[in-house]
Amino acid sequence: MTIALLVAALLMGFFGSPHCLGMCGGLVTAFGLSMKDVSPAKRRALVATYHFGRLTSYALLGLIAGLIGITVLKPLMMGNSTPRILLGLVLVFVGVTMLGAPFLTKLERFGMRFWQYLSPLRQKVFPLNTFPRALTAGLLWGFLPCGLVYGALLIAVVAHNPLSGAALMFVFGLGTIPMLVATHETVGWLRDKIGRFRLRQLNGAVMVISGLAVAVVPMVMANMHGGHGEMNHGSHTAMMSDMDSHDMSQMNHDTDMAADMDHNMQDMDHSMNDMSDESVDMNHHEHTEMMEHAQ
């Protein structure tokens with residue numbers, strides 16, 4: 001897991017937090033009303049406690065998502081580029097969702113059934129005047145159905161690492177906190193700025209581009225490198241063939257020269273032998289004439 005992925009999760013939580021406010025605004029209001037009789041200092045501590053519980057639930061969900069990734073997906077991804085491609089596709093999917101595509105709406109409806117199942121337990125935490133109740137309320141809040149949370153969980157799955165999944169979801173939750181703890185005036189300012197500059201859509205577009213880059217660019221580079229490698233291999237093979245041919249020609253030429261030298265040496269030996277024979281004949285003839293003259 002890279003720092004870039006953690007930053008993407010943080011920005012996803014922050015720029016998607018207006019959606020969180022729409023989903024969780026009523027719940028936050030109910031929490032606030034239940035703490036109206038506590039002191040301001042304790043109220044702030046209770047707010048921090050139930051947000052810590054919510055982030056703990058997100059981290060637990062991320063841990064489960066990472067376990068799913070490492071047990072189900074990782075055996076299918078050994079020794080290939082599937083993890084990178086899958087991560088890129090998930091980033092594209094989440095980015096398109098942040099741009100407004102209602103891909104996760106049905107999943108939110110399915111999660112609502114589980115949320116309703118927790119209704120009796122949720123009623124027991126009110127009023128939020130103690131820390132155990134605040135912590136329990138936050139833990140339950142983490143299971144509130146939310147398409148943005150489900151999108152973050154998809155990223156945690158393809159991370160196929162339980163600790164990485166937990167860290168991603170915790171950081172995602174941190175990004176949602178400013179909107180959910182702000183005062184009414186600050187909430188209005190944040191929503192206005194995020195809406196005016198279309199920061200959520202901008203973040204979604206960045207995620208789409210990043211996902212495409214993660215999935216496609218390495219494959220393109222690999223293909224280019226592979227073609228370049230084949231060209232170099234062909235050139236190297238041709239060069240080696242030329243060198244081998246040249247070496248063989250040189251060896252043949254050297255062999256021919258050696259044979260010519262041997263032949264010349266043999267001719268010289270024959271010439272020397274002939275000259276020796278002629279000299280012997282001449283000496284024998286002269287000796288014979290001298291003997292005859294003496295007689």
Side-chain angles (χ1 to χ4, degrees), residues 1-24 54-55 58-59 61-66 68-70 73-74 77 81-108 111 142 144-180 190-222:
M1 181 181 61
T2 63
I3 299 298
L5 206 56
L6 289 173
V7 172
L10 181 68
L11 295 179
M12 180 181 174
F14 180 74
F15 292 128
S17 55
H19 172 77
C20 294
L21 189 63
M23 291 288 295
C24 306
R54 178 171 67 92
L55 267 60
Y58 286 168
L61 291 173
L63 184 70
I64 296 172
I68 293 174
I70 200 171
L73 297 179
K74 190 172 183 178
M77 302 177 181
S81 59
T82 304
R84 186 192 69 248
I85 295 173
L86 189 58
L87 175 61
L89 292 178
V90 167
L91 289 175
V92 171
F93 178 81
V94 174
V96 172
T97 301
M98 293 192 70
L99 289 172
F103 292 143
L104 298 173
T105 303
K106 292 183 178 180
L107 195 58
E108 284 184 354
L144 180 70
C146 174
L148 199 64
V149 172
Y150 298 152
L153 283 173
L154 288 176
I155 301 177
V157 169
V158 297
H160 57 267
N161 185 307
L163 295 180
S164 296
L168 282 169
M169 291 304 298
F170 191 87
V171 170
F172 164 79
L174 286 176
T176 65
I177 286 180
M179 181 69 74
L180 295 175
L190 284 174
R191 295 185 68 173
D192 178 68
K193 294 300 181 184
I194 292 175
R196 177 180 299 179
F197 295 103
R198 297 185 177 276
L199 296 179
R200 172 175 173 166
Q201 289 79 3
L202 179 61
N203 187 56
V206 170
M207 293 189 73
V208 170
I209 295 172
S210 300
L212 291 174
V214 168
V216 176
V217 171
M219 291 190 295
V220 174
M221 295 297 293

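We number each residue from 1, following the sequence as shown.
Residues Leu99 and Ala205 come closest through the heavy atom pair CD2-N, 3.9 Å. Closest approach of Leu104 and Thr97 over heavy atoms only: CD1-CG2, 4.1 Å. Residue Val149 comes nearest to Phe172 through the heavy atom pair CG2-CE2, 3.8 Å, listed as atom of the first residue, atom of the second, then distance. Pairing each heavy atom of Leu168 with each of Ala156, the nearest pair is CD1-CA, 4.1 Å.
Here the side chain of Ser17 pairs a donor or acceptor atom with the backbone of Phe14 at under 3.5 angstrom. Listed for the Glu108 side chain is no donor-acceptor partner under 3.5 Å among the backbone atoms of Pro145.
The shortest side-chain heavy-atom distance between Met98 and Leu11 does not fall under the 4.5 Å cut-off. Leu5 places a side-chain heavy atom less than 4.5 Å from the side chain of Leu87. Using a 4.5 Å heavy-atom cutoff, the side chains of Leu202 and Phe197 are not in contact. Between Leu63 and Met169, every side-chain heavy-atom pair lies at or beyond the 4.5 Å cut-off. Residues Ile177 and Leu55 are in side-chain contact: their nearest non-hydrogen atoms beyond the backbone lie under 4.5 Å apart. A 4.5 Å side-chain heavy-atom check between Ile209 and Val206 finds every atom pair outside the cut-off.
Each side chain to side chain donor-acceptor pair (under 3.5 Å) pair with one or both residues in residues 192-201, not counting sequence neighbours, appears once here: Asp192-Arg196.
Going from atom CG of Leu144 over to atom SG of Cys24 covers 5.0 Å, rounded to the nearest 0.5 Å. Note: Leu154 CG to Leu86 CG = 9.5 Å, rounded to the nearest 0.5 Å.
Checked against side chain to side chain donor-acceptor pair (under 3.5 Å), Thr176 has the following partners two or more places apart in sequence or in another chain: Arg54. Contacts of Phe93 classified as ring pair (Phe, Tyr, Trp, His ring centres under 6.0 Å), with partners at least two apart in sequence or in another chain: Phe103.
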